[in-house]
Amino acid sequence: VEFLDMTFKEDIRSDLHSAMRERDRTRVSVLRLLLSSIGYEEIERKKELDAPGVIDAISRQVRQRRESIEMYKQGNRQDLVDQEEAELAVLQEYLPAQLSPEEIEDIVRVVVEEVGANGPQDKGKVMGIVVPKVRGKAEGSQVNDVVTRLLQERSG
């Protein structure tokens, strides 16, 4: 899937039709929900989503699945964990390659130097620059943890 291509939604629709022909229930369910989520967001914004907007919608779905997996693990519901993990795998196919923790740290270190951040009080400045750079390629909580750790190291 080409991420800068404006046919991103059409690719998802095409994959949905293929999944329907193949009777892949999990894939059909996930892609329908994803297209519905994108549609609702477009209605809310009163404009068609561009590729980064679609990636944000996919990222929200991924985050929801990960939260559900954690809850189901705590509730000892392996059947539901397996189902959510299968859905998560489908969604991740539509996201850009994920950054490794080391790559995230490298990006954050460069931004910290660029803005001259000296401690936790500069977190907003750093996050404001890092988040757009890693959109769709890293989870916000992961980025937040790296920024917090590196800024604490600089202050103390």
Interatomic spacing from [atom1] in [X] to [atom2] in [Y] - rounded to 0.5 Å:
X: Glu87; Y: Thr26; atom1: CD; atom2: OG1; result: 6.5 Å
X: Leu150; Y: Glu105; atom1: CG; atom2: CD; result: 5.0 Å
X: Arg77; Y: Gln83; atom1: CZ; atom2: CD; result: 9.5 Å
X: Arg109; Y: Ile104; atom1: CZ; atom2: CD1; result: 13.0 Å
X: Ser18; Y: Arg13; atom1: OG; atom2: CZ; result: 14.0 Å
X: Glu10; Y: Leu16; atom1: CD; atom2: CG; result: 13.0 Å

Open item on the list: Around atom CZ of Arg25, are there more than 12 heavy atoms from other residues, nucleotides or ligands closer than 6.0 Å?
Closed with: no
Open item on the list: Does Gln121 have more than 12 heavy atoms from other residues, nucleotides or ligands lying within 6.0 Å of its CD?
Closed with: yes
Determine whether [X] and [Y] make a side-chain contact, defined as any pair of heavy atoms from C-beta on separated by less than 4.5 Å.
X: Ile38; Y: Ile12; answer: yes
X: Thr148; Y: Pro120; answer: no
X: Gln61; Y: Leu88; answer: no
X: Leu99; Y: Ile107; answer: yes
X: Gln142; Y: Pro101; answer: yes

Between [X] and [Y], is there a side-chain N and carboxylate O pair less than 4.0 Å apart?
X: Arg65; Y: Glu70; answer: no
X: Glu84; Y: Arg66; answer: no
X: Lys9; Y: Glu42; answer: yes

Task: Worked check of side chain to side chain contact (heavy atoms under 4.5 Å, CB included) between Tyr94 and Asp11 - done: CA-CA 10 Å; Tyr94 295 92; Asp11 291 341; 5.6 Å; no
- [ ] Take Val90 and Leu31, measure what side chain to side chain contact (heavy atoms under 4.5 Å, CB included) needs, and give me the verdict at the end.
- [x] CA-CA 8 Å; Val90 172; Leu31 295 179; 4.3 Å; yes
- [ ] Start with the C-alpha gap between Arg32 and Met20, add the side-chain angles, then the distance that decides, and say whether side chain to side chain contact (heavy atoms under 4.5 Å, CB included) holds.
- [x] CA-CA 10 Å; Arg32 277 187 176 149; Met20 290 166 84; 3.2 Å; yes
Open item on the list: Regarding Gln78 and Asp82, do their side chains bring together a donor and an acceptor under 3.5 Å, going by distance alone?
Closed with: yes
Task: Distance-only polar pair, side chains of Tyr72 and Asp79, donor-acceptor under 3.5 Å - done: no
Do [X] and [Y] share a hydrophobic cluster, counting only Ile, Leu, Val, Met, Phe, Trp and Tyr and linking them when any side-chain heavy atoms are less than 4.5 Å apart?
X: Val110; Y: Val143; answer: no
X: Val131; Y: Val126; answer: yes
X: Val54; Y: Tyr40; answer: no
X: Ile58; Y: Leu33; answer: no

Determine whether a donor-acceptor pair (N or O, by modelled atom type, separation under 3.5 Å) exists between the side chain of [X] and the backbone of [Y].
X: Asn144; Y: Gly140; value: no
X: Glu67; Y: Gln64; value: no
X: Asp50; Y: Gly53; value: yes

Open item on the list: I'd like to check the side chain to side chain donor-acceptor pair (under 3.5 Å) partners of Lys133; sequence neighbours left out, ordered by chain and number.
Closed with: none
For [X] and [Y], which heavy atoms make the closest approach, and how far apart are they?
X: Pro132; Y: Gly128; result: CD-O, 3.2 Å
X: Ala138; Y: Gln98; result: N-OE1, 3.7 Å
X: Gly116; Y: Asp122; result: O-OD2, 4.3 Å

Open item on the list: Restricting to side-chain contact (heavy atoms from CB on, under 4.5 Å), what partner residues turn up for Asp106, sequence neighbours left out?
Closed with: none
Task: Candidate pair Glu93 and Arg27, rule salt bridge (charged side-chain N to carboxylate O under 4.0 Å, His left out), full reasoning - done: CA-CA 11 Å; Glu93 292 174 24; Arg27 191 175 215 53; 2.4 Å; yes
